[in-house]
Amino acid sequence: MDMKEQLRACILKGIEGCFADGTLTSGVVPAINIEKPAHQEHGDFASNVAMQMAKAERKAPRAIAEIIVNKLAGSSDLIKSLEVAGPGFINFFVKDDAWRMILQDIDQAGEQYGKSKVGAGRKVQVEFVSANPTGPLHIGHGRGAATGDAVASLLLAAGFDVQKEYYINDAGNQMNTLGLSGLLRYKELLGEKIEFPENCYQGGYMKDIAREVITKHGDRFLNVSQEEGVAFFAKFGGDVILKGIDEDLQDFGVRFDNWFSEQSLFDQGKVDSAVKEMQEKGLIYEQDGALWFKTTDYGDDKDRVVVRSNGVTTYFASDIAYHRDKFARGFDWVIDVWGADHHGYVPRLKGVVQGLGRKADDLGIILVQLVALLRDGVPVAMSTRSGEFVTLKEVVDEVGRDAARFFFLMRRSDSQLDFDLELAKRQSADNPVYYVQYAHARIKSIFETARERGVAPDFSGGVNLQLLESADDLALVKKLSLFPETLESAAVNFEPHRITYFLQDLAGEFHSFYNKSRVIIPEEPELTRARLFLLHCAAITLKNALTVLGISAPERM
RNA sequence: GCGCCUGUAGCUCAGUUGGAUAGAGCAACGGCCUUCUAAGCCGUAGGUCAGAGGUUCGAACCCUCUCAGGCGUGCCA
């Protein structure tokens with residue numbers, strides 16, 4: 001039980017005690033809030049129960065607080081002192097010993113420190129990237145990849161049973177366009193004069209694909225029908241591109257548990273059956289020769305076409321079938337990571353989910369905003385139309401996986417992100433990645449020195465934690481203690497950036513500690529051991545936090 | 001037109017889901033290496049939380065309106 005829980009239980013008991021002896025009379029116990037005050041002077045924790053009870057008790061908040069404080073005095077060995085402050089807050093000061101005990105928890109938990117069981121094994125699926133197999137991943141996909149991967153591992157750490165999935169849009173018009181693009185480049189390379197349409201894929205990778213076909217198959221596709229040629233290049237190109245996407249993701253440290261093909265939904269008749277189910281439920285109706293889904297029932301601006309008047313299904317039809325299939329596969333919770341430009345699709349998909357008989361919240365949607373690429377503060381020009389976009393691979397090759405992931409996760413996914421390539425490469429405190437990793441490496445270096453000097457960091461014989469009594473010792477301990485709740489809230493809110501902020505905060509606390517406090521002190525072996533134990537716990541926390549984001553914790557820098 | 005998102009220090013952004021005196025990093029200025037990694041630390045300065053109303057003990061956060069920017073609003077994917 002963590003400190004907040006203990007305090008909550010303690011307050012509850014106190015209030016009930018007050019009711020019992022008549023010092024409080026309403027008999028109504030509000031939800032007990034425990035928060036961390038912004039200012040140190042306000043204690044380690046504070047509660048606003050007295051203010052919440054004011055109305056029911058018909059007493060001034062401060063008077064109620066006094067009554068509760070009197071009842072609480074000496075009731076818990078966690079509490080050093082408590083006071084009434086401000087408009088009626090009860091401030092709690094926790095005993096130093098209680099703080100220091102946390103170190104033993106951290107040591108004991110090791111790699112598990114910070115993890116929780118709130119997920120209770122519920123099955124959750126995170127679907128992300130899902131870029132069309134019509135070109136290499138660009139930097140925007142990179143942010144989606146980092147975010148989806150981090151959210152998945154956060155949820156895993158929070159006790160969920162997580163699957164990561166990539167949805168392959170291998171059906172529909174864009175595959176024909178891909179096939180045509182390849183075929184035309186192929187003909188061009190073989191000397192035919194061609195007109196390359198504007199809506200075809202302009203990137204240089206199409207020529208690479210055409211070249212590959214020439215080496216493997218020669219010029220035989222010059223003599224087949226347009227239809228056959230397009231079909232071949234669509235399949236061949238799609239496969240090559242998807243393989244490249246997978247490689248780029250692996251270099252970025254992202255691996256999927258499942259790759260799900262849109263085409264498979266058609267092949268297995270799942271699109272038809274999904275449409276049929278919705279029709280039977282009366283959620284799909286016919287008008288102007290097309291079939292429409294009543295998304296307006298769920299807050300959408302207008303109803304949406306599922307099957308066009310020419311009989312061809314829309315992308316939305318696939319989406320209905322896909323999400324129906326996800327739930328049919330037994331997921332309790334389904335999470336989609338989308339580019340923010342798709343935000344208009346949220347009501348529509350939420351409608352589908354409800355139409356399937358699920359709660360709207362069973363589908364979680366994370367919208368990831370644009371990335372603005374900079375070099376030394378100057379925007380890097382990008383244009384998707386001309387195919388001159390910066391790829392994920394280029395960025396990872398230039399700045400490295402760790403820096404790229406950290407930068408992608410530095411901001412709330414909802415807000416736009418400036419990604420400065422030069423800053424990401426810089427090896428100084430300006431660069432938050434190095435700042436954080438350096439903290440870990442520095443601790444490891446201290447242990448190295450300790451070993452060299454024969455101060456073996458073996459804690460099995462017990463450590464005298466009482467010696468950790470300086471303000472800096474305790475400040476570091478308190479920072480470490482925040483990790484579990486930070487991790488949990490980052491997970492359930494889909495907010496990996498809380499971890500990057502926590503890391504910078506913790507690294508700062510450590511660097512500050514390091515500058516003020518000596519760890520290895522030959523004439524004080526017991527204190528040396530205690531401080532080494534503290535840093536051992538700091539290293540565990542730093543490493544666990546970095547790991548959950550998919551970033552390495554170097555031993556040496 | 002309608003809908004969604006954003007607006008916090010010169011810049012880039014946090015702000016524990018309504019708490020006490022709004023925080024960090026850059027940039028600026030001034031200090032700290034004979035010491036376990038200076039890829040580091042300490043200090044100074046910087047604010048009408050876009051604006052105006054409202055809700056209550058209490059608002060950057062919730063409601064209404066206004067302004068500014070971005071995105072969406074296909075029988076495209």
Side-chain angles (χ1 to χ4, degrees), chain A residues 33 35-39 41-42 46 48 51-52 54-55 60-61 85-89 91 132 134 169 171-175 177 199 262 287-292 299-302 304-316 318-319 339-347 367 369-370 374 377 410-412 414-418 420 423 426-439 441-450 452-453 455 482 485-486 489 493 497-498 500-501 504-505 507-508 510-521 528 531-532 535 556-557:
Chain A
N33 264 314
E35 59 181 41
K36 270 180 298 297
H39 299 277
E41 318 85 73
H42 294 141
N48 61 351
M51 281 129 85
Q52 290 179 303
K55 201 166 271 178
F89 287 103
N91 292 340
N132 289 346
T134 55
N169 295 117
N173 287 340
Q174 83 275 9
M175 294 312 287
T177 307
N199 68 342
E262 179 186 2
Q287 188 184 310
D288 303 331
L291 294 182
W292 300 71
D300 203 358
D301 299 336
K302 49 174 287 195
R304 307 291 170 178
V305 170
V306 175
V307 181
R308 287 176 257 172
S309 51
N310 64 6
V312 179
T313 60
T314 61
Y315 181 81
F316 183 44
S318 301
D319 258 348
D341 52 340
H342 286 73
H343 68 81
Y345 296 73
V346 174
L367 298 172
Q369 271 288 1
L370 296 176
L374 309 175
M410 228 164 23
R411 303 287 176 236
R412 226 171 65 231
D414 224 347
S415 69
Q416 288 199 14
L417 171 71
D418 284 349
D420 195 311
L423 175 59
R426 205 171 298 157
Q427 303 198 348
S428 74
D430 302 2
N431 185 344
V433 190
Y434 283 91
Y435 183 78
V436 171
Q437 289 184 319
Y438 182 51
R442 227 176 184 184
I443 293 173
K444 292 297 169 180
S445 164
I446 294 170
F447 273 82
E448 190 60 39
T449 307
E452 282 165 12
R453 297 190 189 173
V455 193
L482 295 177
E485 62 196 79
T486 305
S489 73
N493 292 301
H497 75 277
R498 293 194 191 202
T500 57
Y501 273 89
Q504 293 179 78
D505 211 24
F510 162 73
H511 287 308
S512 172
F513 167 90
Y514 177 89
N515 261 266
K516 283 185 251 172
S517 313
R518 187 136 277 275
V519 178
I520 300 171
I521 311 169
T528 299
R531 290 239 163 105
L532 282 172
L535 292 197
R556 200 172 300 200
M557 287 172 76

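Values reported hereafter were calculated over all heavy atoms of this structure, with side chains retained and with hydrogens, waters and symmetry mates removed. Residue numbers start from 1 in every chain, and the chains themselves are labelled A, B, ... in the order their sequence lines are given, proteins ahead of strands.
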J.: Roughly how far apart, to the nearest Å, are B:G70 and B:G31 at atom P?
T.: 44 Å
J.: Report yes if a side-chain nitrogen or oxygen of A:Thr449 is closer than 4.0 Å to either non-bridging phosphate oxygen (OP1 or OP2) of B:C36; otherwise report no.
T.: no
J.: Does A:Ala46 offer a backbone N or O that forms a donor-acceptor pair with the side chain of A:Asn91 under 3.5 Å?
T.: no
J.: Paired with B:C13 by Watson-Crick or G-U wobble geometry, both distances under 3.5 Å: which nucleotide is it?
T.: B:G23
J.: Starting at CG of A:Asn33 and ending at P of B:G18, how long is that distance when rounded to a whole Å?
T.: 10 Å
J.: Within the sub-3.5 Å range, which N or O atoms of nucleotides 58-64 of chain B have a protein N or O partner, and how far apart are they?
T.:
none

J.: Would you measure the distance from the C1' atom in B:G25 across to the matching atom in B:C65 and give it in whole Å?
T.: 36 Å
J.: Any chance you could measure A:Met175, atom CE, to A:Asn169, atom CG, to the nearest 0.5 Å?
T.: 9.5 Å
J.: For a quick test of reading the model, state the closest non-hydrogen atom pair linking A:Val305 to A:Phe316 and the distance between them.
T.: O-CD2, 3.9 Å
J.: Quick one: does A:Asn33's side chain have a donor or acceptor within less than 3.5 Å of a partner on A:Asn48's backbone?
T.: no
J.: For A:His39 and B:A20, is the gap between ring centres under 5.5 Å while the planes differ by less than 30°?
T.: no
J.: For B:C41, which nucleotide is its Watson-Crick or G-U wobble mate, given both distances must be under 3.5 Å?
T.: B:G31
J.: State whether the side chain of A:Asp288 and the backbone N or O of A:Ala290 hold a donor-acceptor pair below 3.5 Å, judged by distance alone.
T.: no
J.: For residues 510-520 of chain A, pull every pair meeting side-chain hydrogen bond (donor to acceptor under 3.5 Å, both in side chains), keeping only residues two or more places apart or in separate chains.
T.: A:Arg442-A:His511, A:Asp472-A:Lys516
J.: Using the P atom in both, what is the distance from B:G46 to B:U6, to the nearest Å?
T.: 30 Å
J.: Figure out the OH/C1' separation between A:Tyr434 and B:A38, and round it to whole Å.
T.: 17 Å
J.: Would you indicate which nucleotide in B:A39, B:C36, B:C41 comes nearest to any side-chain atom of A:Tyr435?
T.: B:C41
J.: With a non-hydrogen cut-off below 4.0 angstrom, is A:Asn91 in contact with a base, only sugar-phosphate, or nothing?
T.: base
J.: P atom, B:A50 versus B:U12: distance in rounded Å?
T.: 15 Å
J.: Mark yes or no for whether A:Thr528, through its side chain, and A:Ile521, through its backbone, hold a donor-acceptor pair below 3.5 Å.
T.: yes
J.: Within the structure shown, what part of the strands sits under 4.0 Å from A:Thr500 by heavy-atom distance: base, sugar-phosphate, or nothing?
T.: nothing
J.: Any luck finding a side-chain donor-acceptor pair between A:Glu262 and A:Ser318 under 3.5 Å?
T.: yes
J.: Return whichever of A:Gln504 or A:Ser512 has its heavy-atom-nearest nucleotide of RNA chain B closer to the 5' end.
T.: A:Gln504
J.: Starting from C1' on B:U37, measure out to CG on A:Asn515 and report it in whole angstrom.
T.: 11 Å
J.: Between B:U16 and B:C11, how many Å separate the two P atoms, rounded to a whole number?
T.: 23 Å
J.: Under a 3.5 Å cut-off for both contacts, is B:G72 paired Watson-Crick or G-U wobble with anything, and if yes, with which nucleotide?
T.: B:C2
J.: Using a heavy-atom cut-off of 4.0 Å across all strands, would you classify A:Ala46 as base, sugar-phosphate, or nothing?
T.: base
J.: Suppose you measure atom P in B:G19 against the same atom in B:C2; what distance do you get, rounded to whole Å?
T.: 33 Å
J.: From B:A38, B:G19, B:C41, pick the nucleotide closest to the side chain of A:Tyr514?
T.: B:A38
J.: For atom P, what is the distance between B:C63 and B:U55, given to the nearest Å?
T.: 15 Å
J.: Where does B:U17 land, syn or anti, given syn is within 90° of 0?
T.: syn
J.: Using purine N1 to pyrimidine N3 plus N6-O4 or O6-N4 for Watson-Crick, or N1-O2 and O6-N3 for G-U wobble, both under 3.5 Å, which nucleotide pairs with B:G58?
T.: none
J.: For residues A:Tyr435 and A:Ala507, report the shortest heavy-atom separation together with the two atoms involved.
T.: CE2-CB, 3.8 Å
J.: Under 4.0 angstrom, heavy atoms only, what part of the nucleic acid is A:Ala450 near: base, sugar-phosphate, or nothing?
T.: nothing
J.: Do other residues, nucleotides or ligands put more than 12 heavy atoms under 6.0 Å from the NZ atom of A:Lys36?
T.: yes
J.: Please state how far atom CD1 in A:Ile443 lies from atom P in B:A39, giving the value in whole angstrom units.
T.: 17 Å
J.: Mind checking the C1' distance from B:A68 to B:U21? Whole angstroms is fine.
T.: 31 Å
J.: So A:Ala85, base contact, sugar-phosphate only, or nothing? Heavy-atom distance under 4.0 Å.
T.: base
J.: Check the angle between the aromatic planes of A:Tyr345 and A:His342 and answer parallel, tilted or perpendicular using the 30° and 60° thresholds.
T.: tilted
J.: Under the side-chain contact (heavy atoms from CB on, under 4.5 Å) rule, collect the residues that match up with A:Pro87, sequence neighbours excluded.
T.: A:Met51, A:Phe89
J.: Using modelled atom types and a 3.5 Å cut-off, is there a donor and acceptor pairing between side-chain atoms of A:Thr314 and backbone atoms of A:Val306?
T.: yes
J.: By side-chain contact (heavy atoms from CB on, under 4.5 Å), which residues pair with A:His497, not counting sequence neighbours?
T.: A:Arg412, A:Glu495, A:Thr500, A:Tyr501
J.: Between P on B:C36 and CD on A:Glu448, what's the gap in Å once rounded to a whole number?
T.: 14 Å
J.: I need the CG-P distance between A:Leu532 and B:C36, as an integer number of Å.
T.: 15 Å
J.: What is the distance, to the nearest angstrom, from the CG atom on A:Leu374 to the C1' atom on B:U12?
T.: 10 Å
J.: Grab the CZ-P distance between A:Arg518 and B:C33 for me, whole Å please.
T.: 14 Å
J.: Classify the glycosidic conformation of B:C61 as syn or anti, calling it syn when the angle lies within 90° of 0.
T.: anti
J.: Within the structure, does a side-chain N or O atom of A:Lys516 lie under 4.0 Å from either OP1 or OP2 of B:C42?
T.: no
J.: When every nucleotide of nucleotides 68-77 of chain B is labelled 5' to 3' by its protein contacts under 4.0 Å (heavy atoms), B for base, S for sugar-phosphate only, - for none, what sequence of letters results?
T.: --SBSSSBBB
J.: Please give me the minimum heavy-atom distance between A:Asn431 and A:Arg426, naming the atom from each residue.
T.: ND2-O, 2.9 Å
J.: When you compare the protein's N or O atoms with those of nucleotides 14-16 of chain B, which come within less than 3.5 Å of each other, and at what distance?
T.:
{"residue": "B:A14", "atom": "OP1", "partner": "A:Arg412", "partner atom": "N", "Å": "3.0"}
{"residue": "B:A14", "atom": "OP1", "partner": "A:Ser415", "partner atom": "OG", "Å": "3.3"}
{"residue": "B:A14", "atom": "O4'", "partner": "A:Tyr501", "partner atom": "OH", "Å": "3.4"}
{"residue": "B:G15", "atom": "OP1", "partner": "A:His497", "partner atom": "NE2", "Å": "3.3"}

J.: Could you let me know what B:C67 is paired to, Watson-Crick or G-U wobble, both distances under 3.5 Å, or none if it's on its own?
T.: B:G7
J.: For A:Arg556 and A:Asn48, take the nucleotide of RNA chain B holding the closest heavy atom to each; which residue's nucleotide lies nearer the 5' end?
T.: A:Asn48
